[in-house]
Amino acid sequence: DTAVSQTPKYLVTQMGNDKSIKCEQNLGHDTMYWYKQDSKKFLKIMFSYNNKELIINETVPNRFSPKSPDKAHLNLHINSLELGDSAVYFCASSSQGRGETQYFGPGTRLLVL
Amino acid sequence: AQSVTQLDSQVPVFEEAPVELRCNYSSSVSVYLFWYVQYPNQGLQLLLKYLSGSTLVESINGFEAEFNKSQTSFHLRKPSVHISDTAEYFCAVSRTGGTSYGKLTFGQGTILTVHP
């Protein structure tokens with residue numbers, strides 16, 4: 001009964017490949033997010049979707065494309081992976097509204113070789 | 001734009017000692033304030049948050065933080081830490097208005113290590 005789940009947990013791949021990370025939440029939330037945590041543990045938002053609509057799109061290379069098939073899922077597709085994409089990617093969800101608590105998934109550790 | 005500065009990257013402390021993790025923020029608009037905790041190899045969990053009202057907020061496991069508007073600070077304190085409090089702590093803010101609601105801006109994190 002995991003609230004926010006991500007697959008895979010670990011992803012090791014070669015430069016230039018395309019990969020996807022999936023996120024699902026069973027909390028009934030309207031809003032979902034993708035964050036990137038770099039090697040220095042700095043966390044930065046990438047995208048946010050509310051009811052399948054993109055509402056936050058930070059300065060992220062267009063090789064990253066989020067897709068929300070329904071409000072319980074927010075997937076992240078990455079084209080032409082680069083060494084600098086190596087990081088931990090966290091999905092989160094929250095109710096719609098200001099000041100709402102965000103619930104984070106366990107993270108996907110991506111290593112690009 | 002908002003920014004968050006956590007003044008200490010690492011804080012070592014002995015078990016049962018008090019601890020303070022410092023957080024300052026900068027914002028031209030009003031913000032909500034949060035503390036999240038990340039245990040090793042896990043995602044972040046909310047520890048406590050300030051939205052409005054009393055400037056002192058508490059968590060269920062004994063942490064508290066006080067919003068100080070004049071000093072733009074939101075320091076986290078605990079009077080007596082346990083080994084299980086060893087984790088990384090992140091201070092964050094989000095705007096109270098505007099279109100990008102929900103966007104959290106995080107500090108750099110503070111690693112709290114509790115020694116026996």
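Order of the sequence lines sets the chain letters (A, B, ...), proteins ahead of strands, with each chain counted from 1. Below, all heavy atoms of this structure are taken into account, side chains as well, without hydrogens, waters or symmetry copies. Keep in mind it's a predicted model, so treat the numbers as computed, not measured.
Residues from residues 11-36 of chain B that place a non-hydrogen atom less than 4.5 Å from a non-hydrogen atom of chain A comprise B/Tyr32, B/Phe34, B/Tyr36, given in numerical order.
Contact of A/Tyr103 with chain B is not made at all, since no heavy-atom distance falls under 4.5 Å. Using a 4.5 Å cut-off between heavy atoms, A/Gln6 does not touch chain B at all. In this structure, chain A has heavy atoms under 4.5 Å from both the backbone and the side chain of B/Leu44. Looking at B/Glu88, the atoms closer than 4.5 Å to chain A (heavy atoms on both sides) all sit in the side chain, from C-beta outward.
Although no hydrogens or angles enter the test, the distance criterion places no donor-acceptor pair under 3.5 Å between the side chain of B/Lys103 and the main chain of A/Ile45.
For chain B, the option among A/Glu58, A/Glu100, A/Lys9 with the highest count of heavy-atom pairs below 4.5 Å is A/Glu58.
In this structure, B/Phe106 and A/Tyr35 approach most closely via the heavy-atom pair CE1-CE2, 3.6 Å. Residues B/Lys49 and A/Thr101 approach most closely at NZ-OG1, 3.0 Å, considering heavy atoms. Taking both residues in full, the closest heavy atoms of B/Phe90 and A/Lys41 are given as CE2-O, 3.4 Å, listed atom of the first, atom of the second, then distance.
Residue A/Val12 is not grouped with residue A/Ile78 when hydrophobic side chains (ILVMFWY) are merged at heavy-atom distances under 4.5 angstrom, including chains of intermediate members. Cluster membership check: A/Tyr89 does not share its hydrophobic cluster with A/Leu43, using side-chain heavy-atom separations under 4.5 Å among Ile, Leu, Val, Met, Phe, Trp and Tyr. Cluster annotation: A/Trp34 and A/Leu110 are assigned to the same hydrophobic cluster (Ile/Leu/Val/Met/Phe/Trp/Tyr, side-chain heavy-atom contacts under 4.5 Å, transitive). One hydrophobic cluster, built from ILVMFWY side chains closer than 4.5 Å, cannot hold both A/Ile56 and A/Leu74; they sit in different ones. By the rule that hydrophobic residues join a cluster once side-chain heavy atoms approach within less than 4.5 Å of another member, A/Met32 and A/Phe47 end up as members of one cluster.
With rounding to the nearest 0.5 angstrom, the OG atom of A/Ser94 is 8.5 Å from the CG atom of B/Leu104. Atom-to-atom distance recorded for A/Phe104:CZ and B/Gln38:CD is 9.0 Å, nearest 0.5 angstrom.
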Take A/Arg109 and B/Asn41, measure what side-chain contact (heavy atoms from CB on, under 4.5 Å) needs, and give me the verdict at the end.
CA-CA 10 Å; A/Arg109 285 149 185 82; B/Asn41 298 316; 3.9 Å; yes
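In the displayed structure, A/Leu83 atom CG is contacted under 6.0 Å by more than 12 heavy atoms of other residues, nucleotides or ligands.
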